[in-house]
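Note that the coordinates shown come from a computational prediction; the quantities given were computed from them, not determined experimentally. To find a chain, count down the sequence lines: A is the first, B the second, and so on, and within it residues start at 1. Just so it is clear, the values below take in all heavy atoms, side chains as well, and ignore hydrogens, waters and symmetry mates.
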Number of protein chains: 2
Amino acid sequence: MERIAGPKGLRTAAAIRRAGLKLIYRHGFGAMSLRDLASEVGIQASSLYNHIRTKQDLLFDLIREHMDALLAQTDAALAAVPDTATERLRAFIRHHIVYHLEKKQDVFIANFELRSLEPQHYATIVAMRRAYESKLIAVLDSGVAEGAFDIRDTRITAYSILAMLTGVCTWYKPEGRLTKSEIVELHTNLVLHGCVAHCDDARS
Amino acid sequence: MERIAGPKGLRTAAAIRRAGLKLIYRHGFGAMSLRDLASEVGIQASSLYNHIRTKQDLLFDLIREHMDALLAQTDAALAAVPDTATERLRAFIRHHIVYHLEKKQDVFIANFELRSLEPQHYATIVAMRRAYESKLIAVLDSGVAEGAFDIRDTRITAYSILAMLTGVCTWYKPEGRLTKSEIVELHTNLVLHGCVAHCDDARS
DNA sequence: CGAAAAAACTAACGTACGTACGTTTATATA
DNA sequence: TATATAAACGTACGTACGTTAGTTTTTTCG
């Protein structure tokens, strides 16, 4: 009779992931020692190896699971709105910001610890990033096709939008002045109507 | 007879800084060993200590020098254009992109290795970042004051603009499809006129 | 040139790293 | 209850780390 993992083990495995995110976010992957990680979980360093194959695999799993969730939830968010480019773009912006604010640590690690991945792991994650970017590019392209958007270069524009939205992670504090909804609304306006210019006939 | 640093020493010190930027950019501060660094320079690890006090001080110096240069050159760029908010904003965007593309490594390190700084070093650098952000906020505020810009929240807008512009560093390749001038122009339009919307009367 | 200082070298320090090993404890099913 | 196995433990491995000390070479300058 086979047993995959007992309930205690599942809890520990989850705790390792949570602690890993926290420590990698705080100190960087290279600077996180497995002894620190184990201590955060409350076990010995060697016991980690009942749950992870190597330190490198832990990093890869954390990032891959994050990208899987991001891709799936993005599809869900886009499927839930009317099939017009503007509505889909609004949904994308809303989803991107909300997801990124809720998973600050995951996002940071997935963006800035890629260099710590071994080549084949790196390639896998970069492909998933490309897939995510393509979803936004597709929204922009469809908007151009239906005449709703005027975009010179949808790829670069998509990169810029993503950079702007992801930037929220660097300053957002839950106890801050703005609610998540206000931040979403503010950035939707920045994307749709520009950051600074008067433009009365286009403002919603 | 006192000697501060001979020409050979100056050359080595500069080489250490250059190699440090390269290796920290590539592998992260924690993952860069001083033996790697020395080997890149072509000396022994212990010889580094003729030029740096500690590894931590090297990181701090690299970031501080970068921030000094950024702040000074920003002032120069803003002083060189007519004193209208729109012109100053265009100058800021142009300068920010050009500087960031030329100093990709410095920028990356100054943005993402802050966590590797000891507390008082960290505080010093964060204060310099604040000063930089304040320069853009001041431009936006003056634009609002003179009626040129319509901005609900100049601080958040400044953060968003900076995130968008800095994002260029993540995808720019010198041999790529777009020239730096084209990238500057493209992003100036994104900031001034929005990323997607039709807005005929505001387009330049 | 010769003195002095800068800057390189070799060797070693103590510490901490990721990981492997063999063993023990806890627990879920047959 | 017996058994299989997950999951913890403690110890040790070989390596690499940042840094210091002492010595030798190179460069500068009166």
Within this structure, what is the [atom1]-to-[atom2] distance between [X] and [N], rounded to whole angstrom?
| X | N | atom1 | atom2 | value |
| --- | --- | --- | --- | --- |
| A:Ile43 | C:dG18 | CD1 | P | 14 Å |
| B:Leu37 | D:dG18 | CG | P | 9 Å |
| B:Arg53 | C:dA7 | CZ | P | 17 Å |
| A:Gln56 | C:dG18 | CD | C1' | 13 Å |
| A:Leu48 | D:dA7 | CG | C1' | 12 Å |
| B:Glu118 | D:dG18 | CD | P | 14 Å |
| B:Ile52 | C:dA8 | CD1 | C1' | 15 Å |
| A:Tyr49 | D:dA6 | OH | C1' | 18 Å |

**Complete:** The single option from B:Tyr159, B:Phe92, B:Tyr99 that satisfies ring-ring contact (aromatic ring centres under 6.0 Å, His included) with B:Tyr132 is B:Phe92
Nucleotide nearest [X] (side chain, heavy atoms from C-beta), chosen from [options]:
| X | options | result |
| --- | --- | --- |
| A:Arg35 | C:dT19, D:dG18, C:dA8 | C:dT19 |
| A:Asn50 | D:dA8, D:dT19, C:dT10 | D:dA8 |
| B:Leu34 | C:dA8, D:dT19, C:dT19 | D:dT19 |
| B:His51 | D:dC9, C:dA7, C:dT19 | C:dA7 |

**Request:** Please answer whether the main-chain N or O of B:Leu70 pairs with a side-chain N or O of B:Gln73 as donor and acceptor at a distance below 3.5 Å.
**Result:** no
Give a yes/no on whether any side-chain N or O of [X] is located under 4.0 angstrom from OP1 or OP2 of [N].
| X | N | value |
| --- | --- | --- |
| A:Ser47 | D:dC9 | yes |
| A:Ser33 | C:dA16 | no |
| A:Gln44 | D:dG10 | yes |
| B:Thr12 | C:dA8 | yes |

**Prompt:** Nearest 0.5 Å, what's the CZ-CD1 distance between A:Arg155 and A:Ile137?
**Reply:** 4.0 Å
**N/O donor-acceptor pair, side chain A:Ser46 with base D:dG10, under 3.5 angstrom** = yes
**Message:** Looking only at the side chains, is there a donor atom on one of A:Ser116 and A:Glu113 sitting less than 3.5 Å from an acceptor on the other?
**Reply:** yes
**Request:** From the options B:Arg53, B:Lys55, B:Arg17, select the one residue that forms a salt bridge (Lys or Arg N to Asp or Glu O under 4.0 Å) with B:Asp61.
**Result:** B:Arg17
